[in-house]
Every structure is written in structure tokens, then in C-alpha cells.
Amino acid sequence: MRQKVIAGNWKMYKDLAETRELLGALVARTAEIPEGVTAVVCPPFTSLSVAAEMVRGSRIRLGAQNMSEHDEGAFTGEISWKMLKSAGCDFVILGHSERRQYYGETDESVNRKAKKALRAALQPILCVGETLKERESGVTDAIVGGQVRGVLEGLTAEEMNRLIIAYEPVWAIGTGRTATPAQAEAVHAMIRGIVRNLYGDAVSQSLVIQYGGSVKPDNSAELLSQNDIDGALVGGACLKADSFYQIIRSAK
Ligand code: PEP
């Protein structure tokens with residue numbers, strides 16, 4: 001039985017005062033996290049230390065939204081795996097479509113970052129997903145399949161047990177337009193099939209594959225009840241404790 005992992009991507013929202021307010025509300029309600037569900041928050045870098053203090057000893061786990069592919073050095077504005085570890089992170093989102101679209105990230109750079117993260121015992125959440133044009137041209141499986149193979153290149157079966165794949169159709173992110181449960185399930189099953197071909201049945205069966213793209217309290221239960229949907233990467237709806245907890249509870 002796979003864990004359901006619900007991760008909140010705060011994106012570029014919440015200063016320190018707002019971080020304290022939201023996390024205060026989240027930590028106060030951890031009794032609502034069902035058994036078998038892992039809840040993760042991914043605030044901006046500037047909030048990580050404060051967030052780490054606040055979630056310590058609770059059932060909420062901490063992740064970052066990006067990470068450098070380098071260990072250290074003259075890379076102005078970058079954040080290393082070591083910094084994320086020392087700030088208290090267990091997870092890191094890599095290759096989010098906004099990073100691919102605005103900051104030139106590619107499957108190759110995401111793959112290099114994934115290898116660094118795994119060696120540092122950070123659990124990567126590797127994002128893949130097609131654009132609207134690609135979906136409408138009927139190449140979703142080819143695009144997403146290629147991204148999956150690209151970001152996993154050279155990873156071992158043991159490393160596969162320590163990562164998450166997030167399928168996030170680009171056309172559904174922040175648009176209010178969600179993939180139907182059947183559309184999402186079809187891509188998730190395709191991804192699991194690729195992983196089965198590459199790593200065998202046991203690895204593919206234990207892999208957590210999240211769905212992301214306008215997940216809200218009113219659509220999460222149906223999405224999360226699909227066979228191959230093992231969690232959600234949530235943007236807008238994670239910024240309020242109420243809606244985040246409604247999604248977390250619906251993962252039961
Ligand atoms: C995301 O940022 O990964 C995301 C899925 O955002 P939203 O839920 O707002 O579509």
C-alpha cells in the first residue's frame with residue numbers, strides 16, 4: 001500500500017509573518033492528517049528556517065521549491081543541497097513547469113539536481129507535464145514519457161524508492177482547469193508502466209506519483225481515489241489552512 005503524499009507548493013507567496021500565521025494554523029491541526037498520508041509544505045527559501053522550527057516534532061514535513069545542481073561556489077542567487085539540509089528540509093521540488101518555462105530548466109538539469117538531492121538524502125519531487133498545445137496535438141504520452149526517462153536517467157532502483165514523480169499538466173497549473181480523473185489516471189498509469197519497464201514491478205508498484213494542477217477541495221477526493229494517483233502537489237489551495245486540510249483529509 002503506497003503512502004499518499006500531499007505537498008503544498010507555496011511558490012513566491014508568504015513573507016515571514018505570513019509564514020508564521022499559516023504554519024501556526026497548519027501545525028495546530030495535525031490531528032486531521034489521516035494515517036497513511038504524508039503532509040509536506042514547501043515555503044520560499046527565506047521562510048525555511050522559521051518553518052523548520054515550527055514543524056519540528058509535528059507530522060508536517062518540510063521541502064524546498066528548487067535547488068542548485070552544484071555543491072557550492074560562485075553561483076550568485078543559488079541554494080545548495082547542504083543549505084537545504086541544514087535548514088531542515090526533507091524534500092525538494094525539482095523541474096516545476098514554472099522553472100522549466102521561466103528559468104530554462106531541462107530534463108538534463110533536473111536529472112543532475114535529482115542525483116545531488118538523492119545523494120544528500122533529500123527526497124526529490126520530480127515534475128513532468130505537457131503543455132496544452134502538446135495535449136491537443138495528441139503527443140502527451142510521448143512528451144511526458146520522454147521527460148520521465150530524461151529526469152530518471154542513470155538513477156538506481158534503490159534511488160527510485162526515495163523519489164516522487166509529480167504529473168502536472170502545464171495547462172492545469174494555476175488555471176482552474178483540472179485534468180479529469182480519467183485523463184490524469186491514464187497518464188499516471190503510463191508513467192508507472194515506463195518505470196516498470198525500466199526498473200521492474202516492485203519499484204514501479206512502490207513509486208509515489210502525485211497529480212498537480214488546480215487541485216482543490218472539491219476535486220481532490222475523486223482524483224486521489226484513482227488507482228495510480230498517490231497524492232497531490234498543490235499550489236493555490238495550499239495557501240489557506242482550511243483548503244489544504246480539506247485536500248489532506250480527502251486523501252484518506
Ligand atoms: C503547482 O504549483 O504545482 C500547482 C499545481 O499549482 P495550482 O494547484 O495552483 O494549479
Side-chain angles (χ1 to χ4, degrees), residues 4-14 18-19 22 26 37-45 47-48 51 60-67 89 91-103 105 107 110 113-114 117 123-132 134-135 140 143-144 147-148 151 163-181 183-185 187-188 191 208-224 226 228-251:
K4 288 262 197 285
V5 182
I6 310 295
N9 173 14
W10 292 17
K11 310 197 188 197
M12 200 173 73
Y13 294 103
K14 308 291 180 190
E18 293 161 339
T19 295
L22 177 54
L26 292 175
V37 178
T38 301
V40 183
V41 292
C42 303
F45 292 134
S47 290
L48 287 175
I60 295 180
R61 305 198 42 210
L62 190 62
Q65 299 173 21
N66 184 28
M67 189 195 88
C89 290
F91 294 82
V92 60
I93 299 171
L94 296 176
H96 189 281
S97 67
E98 289 151 14
R99 303 278 335 156
R100 290 173 182 259
Q101 188 179 349
Y102 306 128
Y103 303 99
E105 297 206 4
D107 294 335
V110 174
K113 290 179 180 199
Q123 194 164 343
I125 299 176
L126 301 174
C127 302
V128 295
E130 82 287 4
T131 62
L132 185 57
E134 289 161 346
R135 174 157 286 264
T140 297
I143 294 294
V144 175
Q147 291 172 337
V148 168
V151 299
L163 63 80
I164 290 171
I165 292 180
Y167 167 56
E168 297 206 302
V170 179
W171 48 272
I173 297 179
T175 59
R177 219 179 133 173
T178 322
T180 64
Q183 281 174 324
E185 170 61 19
V187 180
H188 281 234
I191 293 172
V208 170
I209 309 177
Q210 293 176 320
Y211 170 78
S214 296
V215 175
K216 305 273 182 265
D218 62 4
N219 60 26
S220 58
E222 207 184 341
L223 285 161
L224 289 163
Q226 304 299 306
D228 291 290
I229 301 185
D230 311 310
L233 184 52
V234 184
C238 79
L239 296 173
K240 293 214 159 58
D242 264 332
S243 45
F244 195 44
Y245 267 112
Q246 283 179 57
I247 294 169
I248 289 171
R249 287 197 310 267
S250 76

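The basis for the numbers below is simple: all heavy atoms, side chains too, and nothing from hydrogens, waters or symmetry mates. In each ligand, atom 1 is the first atom listed, and ligand 1 is the first ligand listed.
- Note on ligand 1: G213 sits in its first shell, one or more heavy atoms being nearer than 4.0 Å.
- Contacts with ligand 1 closer than 4.0 Å are made by backbone heavy atoms (N, CA, C, O) of A172 only, the side chain lying farther away.
- Scanning both residues, L22 and A241, for their nearest heavy atoms gives CD1-N, 3.6 Å.
- The salt bridge (Lys or Arg N to Asp or Glu O under 4.0 Å) pairs that include a residue from residues 166-178 number zero, where partners must be two or more places apart or lie in different chains.
- The two residues Q226 and P181 make their nearest non-hydrogen contact at NE2-CB, 3.4 Å.
- Counting only distance, with no hydrogens or angles, the side chain of Q183 and the backbone of T180 share a donor-acceptor pair below 3.5 Å.
- Under 4.0 Å from ligand 1, the heavy atoms of N9 that appear belong solely to its side chain.
- By the 4.0 Å heavy-atom criterion, K216 is excluded from the residues contacting ligand 1.
- In terms of protein heavy atoms, atom 1 (C) of ligand 1 is closest to H96 NE2, 3.2 Å.
- Side-chain N/O atoms of S47 and T19 include a donor and acceptor closer than 3.5 Å.
- For ligand 1, the polar-atom distance check finds an N/O of G174 within less than 3.5 Å of one of the ligand's N/O atoms.
- Among all non-hydrogen protein atoms, the one lying nearest atom 5 (C) of ligand 1 is E168 OE2, 3.1 Å.
- Residue-to-ligand polar distances place S214 within reach of ligand 1: an N/O pair is separated by less than 3.5 Å.
- Of the protein's non-hydrogen atoms, G236 N, 2.9 Å is the one closest to atom 9 (O) of ligand 1.
- The side chain to side chain contact (heavy atoms under 4.5 Å, CB included) check on D242 picks up R29, Q246, with sequence neighbours excluded.
- The existence of a salt bridge linking E130 and R135 is confirmed by a sub-4.0 Å separation between a basic side-chain nitrogen and an acidic carboxylate oxygen.
- Of all protein heavy atoms, the one closest to atom 8 (O) of ligand 1 is G235 N, 2.8 Å.
- Residue contacts with ligand 1: K11 is placed with a nitrogen or oxygen under 3.5 Å of a nitrogen or oxygen of the ligand (distance criterion only).
- Heavy atoms only, all atoms of each residue included: A172 and Y211 are closest at CB-OH, 3.7 Å.
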